[in-house]
Amino acid sequence: MTGKNRKAVPDLTVDLGRGLVLKNPVMTASGTFGYGEEASAYLDLSELGAVVVKGISEEPRRGNPPPRVVETPAGMLNSIGLQNVGVKAFLAEKLPFLLDRGATVVVNVLGSTVEEYLRVTERLSTAPVIGGIEVNISCPNVKEGGVQFGMCPDMAAGLVASLRSATDLHLMVKLSPNSGDIPGMARAVEEAGADSVSLINTITGMDIDIRTRRPALGGVFGGLSGPAIRPVALRMVYEAFGAVRIPVVGIGGIADPEHAVKFIIAGSLAVQVGTAFFLDPLTPLRVIKGIEEYLSREGMLSLADARGSLVVGDPG
Amino acid sequence: MTGKNRKAVPDLTVDLGRGLVLKNPVMTASGTFGYGEEASAYLDLSELGAVVVKGISEEPRRGNPPPRVVETPAGMLNSIGLQNVGVKAFLAEKLPFLLDRGATVVVNVLGSTVEEYLRVTERLSTAPVIGGIEVNISCPNVKEGGVQFGMCPDMAAGLVASLRSATDLHLMVKLSPNSGDIPGMARAVEEAGADSVSLINTITGMDIDIRTRRPALGGVFGGLSGPAIRPVALRMVYEAFGAVRIPVVGIGGIADPEHAVKFIIAGSLAVQVGTAFFLDPLTPLRVIKGIEEYLSREGMLSLADARGSLVVGDPG
Amino acid sequence: MTAGHDDRHCAAPSPSALMEAEVLTNTEVAAGLWRLRLGMPQWSRSEPSPGQFVMVRVSDDGDPLLGRPFGIAGFWLHGPTAEMEIIFRVVGKGTGFMTRWSSGSPVRLLGPLGNGFPLPPLGSRCILVAGGVGLPPLLALARSLESGGRGGDVLLLYGEANRDRMLDLDTLPDLGVRFATCTEDGSCGREGLVTDLLAAAEIGEDSLVYACGPAPMMRAVHERVSGRCLDSFYSLESRMACGFGVCAGCAVEVREGDEWTYVRVCSEGPVFSGDLLTERSFRQA
Amino acid sequence: MTAGHDDRHCAAPSPSALMEAEVLTNTEVAAGLWRLRLGMPQWSRSEPSPGQFVMVRVSDDGDPLLGRPFGIAGFWLHGPTAEMEIIFRVVGKGTGFMTRWSSGSPVRLLGPLGNGFPLPPLGSRCILVAGGVGLPPLLALARSLESGGRGGDVLLLYGEANRDRMLDLDTLPDLGVRFATCTEDGSCGREGLVTDLLAAAEIGEDSLVYACGPAPMMRAVHERVSGRCLDSFYSLESRMACGFGVCAGCAVEVREGDEWTYVRVCSEGPVFSGDLLTERSFRQA
Ligand SMILES: Cc1cc2nc3c(=O)[nH]c(=O)nc-3n(C[C@H](O)[C@H](O)[C@H](O)COP(=O)(O)OP(=O)(O)OC[C@H]3O[C@@H](n4cnc5c(N)ncnc54)[C@H](O)[C@@H]3O)c2cc1C
Ligand SMILES: Cc1cc2nc3c(=O)[nH]c(=O)nc-3n(C[C@H](O)[C@H](O)[C@H](O)COP(=O)(O)OP(=O)(O)OC[C@H]3O[C@@H](n4cnc5c(N)ncnc54)[C@H](O)[C@@H]3O)c2cc1C
Ligand SMILES: Cc1cc2nc3c(=O)[nH]c(=O)nc-3n(C[C@H](O)[C@H](O)[C@H](O)COP(=O)(O)O)c2cc1C
Ligand SMILES: Cc1cc2nc3c(=O)[nH]c(=O)nc-3n(C[C@H](O)[C@H](O)[C@H](O)COP(=O)(O)O)c2cc1C
Ligand code: FES
Ligand code: FES
């Protein structure tokens, strides 16, 4: 990579702030990578920008009844629910493996109350080897009657402010596309102390089996992901980029380097690969290489040159 | 169809209230059928449940600069903008043709202010041959700084209440999926006097050309439609059905009879076919026949038997 | 394992407005350029005029979702059956899929659509200017003029990037019109752009110019010939969703008196008279 | 016409974890039942054990999006190259597409995945119970036992709806185990369900029962043999998104002490011991 006759290799390093530095802009998306054990049979975890693990709650959770996945046009619905091993088992059994493999680890955190989020975050903060926390605000808040934290800027800001006072870890807040107001949400969590925002989480959808007249998913509703949602995700990333100064991490239907480049042009400083990882466990590495190729070909020396470079206006 | 040896033919008639009665539940979606002239080369307009015409404003509008459409995975983005002939030309030049062909006509109405909506609606109310009005509340309200009527329940309710006092025509209010709160929106417009709600309009998205680093659409943003959005539309229809008593009209990615049946099971009393009409101008007729077949096969005598018949709960 | 898929559960009859065709041959005639011959067992519409196009459904499975527009390069009616020629360049997903079609593959399409080229008045001379894959509709026009006994009035100019990408016009025995070719790299015919060939051609008040090709090429032709010939016609391109006038997606800017307006390429076009067009009409779609 | 499609603009190298295969033959061996033989020029993984499966990418174009899981029905290693047999029933879009594959078609797949059937202890007798397209992994097991010299211990029971849908086991020369068949309509073999064949078979404390088929069939087998044999194993089905353990989409309910938990069919299974399973484990996916 440093041979004399080669063009300057673009710098893929990304500094998301508050200590979260990635060697490249490509992370795996929460819930699509497990805790890295199975994936490590296929790829070297240290080659990834970061691994974002499945959402962690205080206690282990079983998740939703099957069927949990159903395919849709250019996408899929999942109702995995909040299945996870709980923060204790994560720290004892899962984290050491990830660190041993040289992964930069971002822990997706979830809870049913502000207090649960706080307790999980505090536990994680005792493990300073963690790269950062991704706050999944798409969880229903039991105290507010099941309204999702991510649907209301005030609730989201309250949550983030509490977490901010409890940890020095990087706080990446993951926004829900089901909220009608992405700029408002992004600004609210920025003001409350978020270090970055990532988006989008899945769009709520459903499917029906017309033979049985039952929902296709055991959990009735599911989250839509995959290429189908890419145009919506790209728009929301562009909106968020215009609304805040903290870094924006783009997620949604990224399956090829070109898609990642679109998100970068729209304003993302980094991206996450979710559903496309299911199709081929080497998708993230392919995306990393392709981004590097694109930057080289365009004569750009770093990601910053491409980021947010969308040209809007009359081409004449 | 009435031979002796045939099973009872199910009744496809749909009464949406306040005079809007359809001979079957399948309409064409606004903006995907023009004013029926081109379509009539392929199909008999009187065989449709209703024709919903392209959104009509007070004055003619040119719409957005090209490119106006771009394909996306299992869907498309459009930024046609509000291009239309204006209410005067519609009444003089377009409506007579539709009526002559025996179409039941629903007029999609749009405006930049409550007053514009009102004036268009009043003009249309002088033509009592119209089946109903579909209120497109996804338009930016110039007085409120460009916020869409459809993003805020109070604004939507205010608009609908004004229209209600101005017309006796059926008022179908078309909800935007970009609002974070479909049940709230549906309830707000029901209370304000809507006779039915139709949903969903397109989901705002965007695409980027990575060679030019420009938006793929002249209008920058576009509306996502087609099969990709079906799971989201189905969920929102189910939510709306649970929230209001007025009829719900399902729209979003319907390309086959099975899809229409899913919307009916989720609670729609009628459906609209949009993008799939582009693929084959006889799609609506194919959907009508397929719905009839489904009802026959399931031994149902009317649409009401299937409507909202989703079974939720543990199958044991 | 349950039988039957949701999406097939309604065994409904299938009315469709699409025409059923079958691939007769599908051959790569130059680098990335394919000649597709379709047979239609039942041709129920009027004979297409040169410049009209069809919307081809590349797939019935929703990927790609939308039909793809292609000019009709040739058309032959034999009683109720018909044969249609399409010449396409591979540029993306849809045309990539189309290269997999082979003899016997079923194809569905809508058309003929749009308005073709107005025929020239008797006594006029026609210059047909084709840039790259703008050639197909002009081939149809040349063939039609030729079979109408007007072949002698026609000069076809055809430019491509290089020899490899170029359709060899000598392989079309039924063409029967004069032609000249050029390539940007000089590997075949004259070196230069097709507008250079045009510059060398005699254009007079009895000339009609017909052009189809990339937007910058057509803009250059328009600039050169406007006011210098009897009339000029341009077959424009635009992204299309429906192809038959219902979506307003294919808008292009044209003159309307002193003002301007948007018209639909699929319905008001794809062929427009040069008088209607401005520089802005030739923006890249 | 612009060259190059957005989605191809980055000519990046393509690391992939998928194995490249090529169709050798793809034949409809019974109504709606296909036997697909794949050749793999480079087999780089360990030899699959019976009961393992592969995720087949039906299309590289995103439609259908997800891979489809299929049991490995047969596997033969020849130096670095390998041959794999898959037997599939056409039930929907993906399997519909797969019928279009023919000799030479490229196929990409991930695997072998999951845990196969534990081999029986010496001296035990094996009863393999296959319902419909549950047959393939049991064929692999039968072949493996046979080639290990244990064919004599094996009785394969195979039930289908009718003769037309049934794979003719006599056409598999390398099977070499005893078998009995039945159909629901009596059109081939005994009339009845495969559980009727099982009821007629001798099951003892030295018997191992291996089952694969529709959920209701497996539930019936489980009910019948639990506690009456040495052990029983079931290859479960579930909707899968990834197939290799990262999505938690394929969850199925199993016993955990006095409690229950969800496990992943693709990783903890697809084969589970009967001891772990309850009635709720056999819910239709
Ligand atoms: C009236 C008309 C007649 C045409 N006749 C012919 C013909 O005879 N032969 C031929 O080869 N092509 C013709 N075209 C162009 C042809 O329709 C496109 O090349 C084709 O749709 C591309 O499909 P794709 O799926 O391969 O490319 P996509 O994957 O959809 O796109 C590939 C690239 O082509 C560009 N593109 C796609 N569609 C268009 C379009 N309509 N106009 C301009 N750029 C586009 C995209 O921006 C992208 O960069 C015609 C177009 C029109 C509107
Ligand atoms: C471990 C495992 C091994 C398998 N081995 C084989 C095999 O050897 N041969 C074979 O023919 N099939 C096998 N299957 C089933 C096979 O994966 C499905 O039939 C196939 O994925 C259907 O794809 P499709 O696109 O044709 O159907 P789709 O269009 O996706 O669906 C068609 C219908 O099948 C149902 N369906 C889809 N996927 C599944 C599933 N995974 N489980 C249950 N129902 C489903 C849907 O509800 C729908 O009604 C196996 C499944 C698993 C999990
Ligand atoms: C099976 C599955 C499970 C997921 N679980 C989580 C989760 O636990 N926490 C979370 O924040 N997002 C979760 N997501 C959302 C993804 O992280 C991602 O935001 C979304 O899938 C969109 O990206 P994609 O289109 O690349 O998949 C999950 C997605 C899928 C498909
Ligand atoms: C090209 C195009 C133009 C549209 N114009 C309008 C419009 O003028 N008014 C409106 O209410 N909806 C408009 N819509 C939205 C459709 O009526 C419909 O709500 C949406 O496309 C979802 O349905 P579909 O997936 O079946 O297309 C338009 C959609 C398309 C694709
Ligand atoms: S492509 Fe739809 S109107 Fe022209
Ligand atoms: S299919 Fe993804 S975990 Fe089993």
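Proteins get letters first, then strands, A, B, ... in listed order; numbering begins at 1 in each. The shown structure was predicted, so the numbers you read here are calculated from the model rather than taken from an experiment.
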What part of A:L310 gets closer than 4.5 Å to chain B, counting heavy atoms only: side chain, backbone, both or neither?
both
State, yes or no, whether a side-chain contact exists between A:M206 and A:V220 at a heavy-atom distance under 4.5 Å.
yes
Side chain, backbone, both or neither of B:A216 within contact of chain A (heavy atoms, under 4.5 Å):
neither
Check ion pair B:E239-B:R235 (N to O, under 4.0 angstrom):
yes
Which bit of B:S179 is near chain A, if near means a heavy-atom gap under 4.5 Å: side chain, backbone, both or neither?
backbone
Option in A:G180, A:P231, A:A74 with maximal non-hydrogen atom pairs under 4.5 Å from chain B:
A:P231
Interface moiety of A:A233 toward chain B, non-hydrogen atoms closer than 4.5 Å:
neither
With a 4.5 angstrom heavy-atom cut-off, which part of A:L224 approaches chain B: side chain, backbone, both or neither?
side chain
Need one label for A:T204: side chain, backbone, both or neither, based on atoms under 4.5 Å from any heavy atom in chain B.
both
Indicate yes or no: does A:R286 engage A:D256 in a salt bridge with an N to O separation below 4.0 Å.
yes
Best-contacting candidate, B:L234, B:N178, B:D181, B:V232, against chain A by heavy atom pairs under 4.5 angstrom:
B:L234
Counting heavy-atom pairs closer than 4.5 Å to chain A, which one of B:A266, B:G253, B:A228 comes out on top?
B:A228
Would you mind telling me which of B:G75, B:G205, B:A306, B:P177 has the largest number of heavy-atom pairs within less than 4.5 Å of chain A?
B:G205
Are A:K262 and A:E258 ion-paired here, with the side-chain N under 4.0 Å from a carboxylate O?
no
Calculate, to the nearest 0.5 Å, the distance between atoms CZ and OG belonging to B:F221 and B:S79 respectively.
11.0 Å
Side chains of B:Y238 and B:I265: does their closest heavy-atom pair fall under 4.5 Å?
no
Result of checking B:V9, B:L303, B:V261 against B:L295 for side chain to side chain contact (heavy atoms under 4.5 Å, CB included)
B:L303
